[in-house]
Each structure stands twice: as C-alpha cells, then as structure tokens.
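Contents: one structure, followed by commentary.
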Amino acid sequence: MLPFKLVYSDDYYLPIGAHVFPAEKYKRIHDRLLASGVAAPGDFFTPRPGTDEDVLLVHTPQYVNKLKTGTLSAREELELEVPYSPELVRAFWLAAGGSMQAADYALDDGVAISIGGGFHHAFPGHGEGFCLIHDVAVAIRRMQRDDKIRTAMTFDCDVHQGNGTAAIFSGAHAEDVFTISLHQQNNYPAVKPPSSLDVNLPDGTGDEEYLACVGDALSLGLGKLKPDLICYIAGADPYREDQLGGLSLTIEGLKGRDAIVFRMAKAEGIPVMVTLAGGYARNVEDTITIHCNTVVAAKEVFAGTGDGVRNSE
Ligand SMILES: [Zn+2]
C-alpha cells in the first residue's frame, strides 16, 4: 500500500479520437502502476464529478452554459484544439472532481496524486490548448470556499506556460494564490500572462540546469508565501523526445524534478496535490513511464525509503 491516495477513474479518458494527446494514457498509467507493483488496487480512489457550482467558482456562467449546451462558436471550438462533445465536457467535470478529491486527500496524507487533470490552459471565459476547464483552479477555489485552505501555490512544470492559471489568479487574487510556471519560453502559448513567478527556459534546457531552476523557483516562491497547499502540475512534456516540447530532459531528470518538489514540500510540512498535465512523447510508453515515475518518486520520498532518484524501469 502507498502512504497516500491515488485518484483515478476509467472515465478520465478523453473522447477525442486519434490525437497528439494520448487520451488512453490515464488507464495505461493505472494499469502499469498495478502491474509493476508500485500501487495496489486499494490505493486508487474513484472521484465524483465536480458540480456546476464548483466549476462556476472559476469559470463564467456564459462559458459554462455554452459548454453544457453545446453552443460554443466555431472559433471557440477551434481554439480548444480538441473536438467538442457532451462526453468530453463530462470528462472535464470529472477531472475537476478528481483534483478536488486529491486536494482534500493531500491535506490528510501530505500528498495525493490524481492520475489525470492539470488542464492549465483553460481561462475563466474560454478554453484552449486541449483544456476545457481548469480543474486545479476549481479545486483551489472549492477548498478555499470550504475553509479547508486559505492560501495555495501552483507549481507548474509542464513545458507550456500555465497561461490559464496565471489569468485566473492574477490581480486581486495574487495574495491568496501564488502561481509559478517553469516552461519553455519559445513555445505555446504565444501570449503568456504573467504568473507570480515565471521561469522562461531556453530551447534545449537539460537536466542539470532545469533541476537547479526547480529548486530555486520553489525556494523563491516559498519565501514569498508559505501556502496551505501546493498544487504540483507535473507535465511529462519537458522530455527531450516530446513532440510538442523543445526542452531536453531525460526520464531520470524528470523523476529527479518530482523528487525535488516532494522533498521540499515534505521538509516544509506543506501538503502537495499532483495532477499530470501534458505528455506527447514520440513513444507513448515514455509518457506512461514519466507519469508513473511521479508516483514512484512520491512513494520514495513520503515512505522515507530510497533517495528518490531511481527509475521505476
Ligand atoms: Zn504541455
């Protein structure tokens, strides 16, 4: 048994057909974690979907209505870069519920991982970049509304900047949620609304330089705000074989990144909830490995065994 909970449902699957986003990855991660003995069936907990009320804590009534009634304009639908369907909307509401559940579990156990989520390109009034709604932001606002947390920090290591996160928590909200994004400068999104802290990495950044930035950025952020919850967006796409990324991390480097985040959160006594976000490796197996390694790294750090840098393979 893991010393923390994994949140997962087969219904995390995104019905988007053949697509660069490997929607089957969630089930394959689940299956690999079981087959490899990293996790047992009892480690997985099934989330309930978020309610419309939850989603409305972040998104505008107009946008939510369009999603629920299938009345997005052609342009809005195009901007999603995934084909709209009512089933897809349901999958995103479930992802939001999964992130809420993981945030709640993290407060109990120090860490919890949703084998999904991390849809950081969704804005209050529109979706883009494969993201319909922002599951992590919904989780933060719901936890705050329920008085379970007062402050939060997002730590986004997807290769693409967390533009939706930055927009949602900008301005008046900057003191209750501190947003950090480490990303490739020369990549989507073209317009990058400012996070509380943005680390713009040059093309081809490798393990050593990247890992130094991870530690520095998290230290800097924690120096500004000691949050009640860290939301770690553990994108697999800084990988050197990624089709939509231009950084040069190895699989080992990405696991080292996860271990740094978990060690620092644990040392500070701050609960951390994890979502997976992007991963578009030429070989989907690599994406599965990188995401599974996030669970392995958490296990090593939070079970107090190992040094958190070994690979699961
Ligand atoms: Zn990405």
Side-chain angles (χ1 to χ4, degrees), residues 12 14 16 19-26 28-29 79-82 88 91-92 95-96 98-99 113-123 126-137 154-168 179-193 195 197-207 210 213-214 217 231-251 253-255 257-258 261 274-284 286-294:
Y12 274 176
L14 304 177
I16 55 177
H19 195 281
V20 69
F21 190 103
E24 75 282 11
K25 76 176 183 178
Y26 305 121
R28 289 175 66 178
I29 295 162
E79 222 178 350
L80 297 176
E81 296 188 78
V82 285
L88 186 63
F92 272 88
S99 292
I113 301 175
S114 179
I115 308 298
F119 297 111
H120 60 160
H121 300 310
F123 286 68
H126 79 274
E128 62 176 70
F130 319 154
C131 302
L132 270 63
I133 60 168
H134 199 308
D135 56 295
V136 176
T154 60
F155 192 70
D156 187 343
C157 287
D158 191 275
V159 79
H160 306 102
Q161 196 242 8
N163 54 345
T165 321
I168 289 166
T179 58
I180 303 176
S181 178
L182 272 81
H183 50 263
Q184 183 188 4
Q185 162 115 53
N186 179 29
N187 202 330
Y188 169 88
V191 176
K192 297 176 175 63
S195 311
L197 175 59
D198 281 298
V199 181
N200 297 296
L201 299 164
D203 296 359
T205 299
D207 288 347
Y210 186 92
C213 289
V214 168
C231 299
Y232 174 38
I233 297 170
D237 48 14
Y239 179 44
R240 63 184 177 189
E241 294 293 326
D242 198 90
Q243 300 173 85
L244 300 184
L247 300 185
S248 295
L249 272 76
T250 64
I251 289 177
L254 285 157
K255 190 181 173 201
R257 170 198 73 174
D258 298 336
V261 175
V274 185
T275 53
L276 301 187
Y280 316 94
R282 283 173 191 86
N283 182 351
V284 177
D286 289 347
T287 297
I288 308 301
T289 300
I290 293 163
H291 287 313
C292 286
N293 279 345
T294 301

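Every number for a ligand or one of its atoms is a count from 1 in the order of the listing.
- Taking Tyr210 as the reference, nothing meets the ring pair (Phe, Tyr, Trp, His ring centres under 6.0 Å) condition, with sequence neighbours excluded.
- For the Zn ion (ligand 1), the set of nearby N, O or S atoms under 2.8 Å includes one belonging to His160.
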Indicate every side-chain donor-acceptor pair of residues 276-283 with a distance under 3.5 Å to a residue at least two apart or in another chain.
from, atom 1, to, atom 2, distance (Å)
Arg282, NH1, Glu241, O, 2.9
Arg282, NH1, Glu241, OE1, 3.4
Asn283, OD1, Glu285, N, 3.0

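- For Asp237, the N, O or S atom with the smallest separation from the Zn ion (ligand 1) is OD2.
- Judged purely by distance below 3.5 Å, without hydrogens or angles, the side chains of Ser114 and Tyr12 pair a donor atom with an acceptor atom.
- For Asp207 (side chain) and Thr250 (main-chain N/O), a donor-acceptor pair under 3.5 Å exists by modelled atom type.
- Residue Asp158 approaches the Zn ion (ligand 1) most closely through its N/O/S atom OD1.
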